[in-house]
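Below: one structure, written as structure tokens.
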Amino acid sequence: NNLDDGSLIWSQFSDISITIKSVNDLPMIDNVMLDGSDMVGNVINMHEDMPQTLLISYSDEDMGNAIPDILTLVMDNPNDSIQFILNDYGSNNTVEYLIQTVKDYYGTSAFYFSVNDAVDITMKTFMLNIEPINDPPVLSLSSIPSTLELGNTFNHEIFIDDPDDDFHAFSLSNNPS
């Protein structure tokens, strides 16, 4: 193209070169699955003492560059009663964790997963809601004498340990008369 400055004198033709520099694209957390089912939102519901598998897929548009980004994955879990055990770095940018709690733990806790490409960080917050299940009580008895003289009274203590602190009622069947 040539230009005119208003005096009808045209400029010489010239080539213009435009260089578009690449910018860093944010890494992405694409999909989250719990035991093979797509999650909706960021809430994970599970039951106490029942481990679940969490599969997270991630991506970065810069992975296709001549010098691809190196991604760093971080699982941040501030709750000592919940473990995220790394099972596998899968193909196609996936990571798999086994979510496991200490015995009889239930409650709600937040945890964070982030993908870092050394320039930008993408983080997702999850809420883990662990529902209680009814744990069976454990009964223990004081020692029972092997013999008892006729006419003597026998007192016996029963101890109950219930992880859920449920109320318990006792009854006696086949009561001797």
Side-chain angles (χ1 to χ4, degrees), residues 19-142 157-171 173:
T19 302
I20 300 173
K21 290 188 175 187
S22 175
V23 295
N24 186 59
D25 292 306
L26 285 171
M28 304 286 293
I29 298 171
D30 298 322
N31 192 27
V32 180
M33 297 178 78
L34 186 65
D35 274 350
S37 299
D38 286 332
M39 280 184 43
V40 177
N42 68 337
V43 177
I44 297 173
N45 292 306
M46 57 187 283
H47 289 93
E48 119 189 24
D49 301 331
M50 297 177 152
Q52 299 276 323
T53 301
L54 181 68
L55 181 71
I56 301 174
S57 61
Y58 54 92
S59 62
D60 188 343
E61 291 296 321
D62 299 322
M63 295 299 287
N65 292 350
I67 302 175
D69 285 346
I70 296 173
L71 300 179
T72 304
L73 311 174
V74 175
M75 176 66 75
D76 184 15
N77 170 33
N79 188 330
D80 291 337
S81 296
I82 303 169
Q83 294 179 317
F84 288 85
I85 302 165
L86 179 62
N87 276 352
D88 187 29
Y89 280 109
S91 59
N92 300 323
N93 296 333
T94 61
V95 63
E96 181 181 287
Y97 293 94
L98 179 68
I99 305 173
Q100 185 171 304
T101 64
V102 298
K103 185 166 176 47
D104 298 329
Y105 173 81
Y106 61 90
T108 301
S109 182
F111 69 93
Y112 315 93
F113 179 79
S114 64
V115 181
N116 179 343
D117 67 2
V119 176
D120 292 309
I121 297 173
T122 298
M123 182 176 3
K124 188 164 186 173
T125 303
F126 295 92
M127 294 304 296
L128 183 59
N129 183 30
I130 301 171
E131 296 288 334
I133 58 172
N134 191 19
D135 296 304
V138 177
L139 295 176
S140 57
L141 310 170
S142 59
E157 291 183 302
I158 299 174
F159 301 96
I160 186 165
D161 180 26
D162 188 344
D164 300 318
D165 292 327
D166 290 335
F167 174 77
H168 297 277
F170 296 92
S171 65
S173 58

Query raised in the report: Could you give the distance from CD1 (Ile130) to CE (Met46), rounded to the nearest 0.5 Å?
Result: 5.0 Å
Requested in this report: Using a cut-off of 6.0 Å, state whether more than 12 heavy atoms not belonging to Tyr106 lie near its atom OH.
Outcome: no
Query raised in the report: Are side-chain N/O atoms of Ser57 and Asp30 paired as donor and acceptor at under 3.5 Å?
Result: no
Query raised in the report: Rounded to the nearest 0.5 Å, how far does CZ of Phe113 lie from CG of Asn42?
Result: 14.5 Å
Requested in this report: To the nearest 0.5 angstrom, please state how far the CE atom of Met50 sits from the CD1 atom of Ile99.
Outcome: 14.5 Å
**Report entry** Set of side-chain contact (heavy atoms from CB on, under 4.5 Å) partners for Asp165, sequence neighbours left out
**Finding:** none
Just distance, no hydrogens or angles: give the donor-acceptor pairs under 3.5 Å from side chains in residues 117-128, sequence neighbours left out.
{"from": "Asp117", "atom 1": "OD1", "to": "Val119", "atom 2": "N", "distance (Å)": "3.0"}
{"from": "Asp117", "atom 1": "OD1", "to": "Asp120", "atom 2": "N", "distance (Å)": "2.7"}
{"from": "Asp117", "atom 1": "OD2", "to": "Asn24", "atom 2": "ND2", "distance (Å)": "2.9"}
{"from": "Asp120", "atom 1": "OD2", "to": "Asn24", "atom 2": "ND2", "distance (Å)": "2.7"}
{"from": "Thr122", "atom 1": "OG1", "to": "Pro27", "atom 2": "O", "distance (Å)": "2.5"}

Requested in this report: Quick one: list whatever passes side-chain contact (heavy atoms from CB on, under 4.5 Å) with Leu139, sequence neighbours left out.
Outcome: Ile158, Ile160, Phe170
Query raised in the report: Sequence neighbours excluded, which residues qualify as side-chain contact (heavy atoms from CB on, under 4.5 Å) partners of Glu96?
Result: Thr53, Leu55, Asn87, Asp88
Requested in this report: Spell out, as yes or no, whether a donor-acceptor pair under 3.5 Å connects the side chain of Gln83 to the backbone of Gln100.
Outcome: no
Query raised in the report: Should we count CG of Asp80 as having more than 12 external heavy atoms under 6.0 Å?
Result: no
Query raised in the report: Can you tell me how far CD1 of Ile56 sits from CG of Asn93, rounded to the nearest 0.5 angstrom?
Result: 12.5 Å
Query - Residue pairs involving residues 68-89 (criterion ring-ring contact (aromatic ring centres under 6.0 Å, His included); sequence neighbours excluded) - result: Phe84-Phe111
Query raised in the report: Is Leu54 close to Ile44 at the side-chain level, that is, under 4.5 Å between some pair of heavy atoms?
Result: yes
Query raised in the report: Nearest 0.5 Å, what's the OH-CG distance between Tyr97 and Leu86?
Result: 5.5 Å
Report summary line: Nearest heavy-atom approach of Asp49 to Lys103 is OD1-CA, 3.4 Å
Requested in this report: Return yes if some donor-acceptor pair links the side-chain N/O of Asp162 with the main-chain N/O of Pro137 below 3.5 Å, else return no.
Outcome: no
Query raised in the report: Of all heavy-atom pairs between Pro163 and Pro136, which one has the smallest distance, and what is that distance?
Result: CD-O, 4.0 Å
Report task. With sequence neighbours excluded, tell me which residues meet side-chain contact (heavy atoms from CB on, under 4.5 Å) with Asn129. Result -> Asn45, Thr108, Glu131
Sequence neighbours excluded and cut-off under 3.5 Å, please list the side-chain donor-acceptor pairs for residues 71-78, or say none.
{"from": "Asn77", "atom 1": "OD1", "to": "Asn79", "atom 2": "N", "distance (Å)": "3.1"}
{"from": "Asn77", "atom 1": "ND2", "to": "Asn79", "atom 2": "O", "distance (Å)": "3.2"}
{"from": "Asn77", "atom 1": "ND2", "to": "Ile82", "atom 2": "O", "distance (Å)": "2.6"}

Report task. Check side chain to side chain donor-acceptor pair (under 3.5 Å) between Asp104 and all other residues, then give those that pass, not counting sequence neighbours. Result -> none
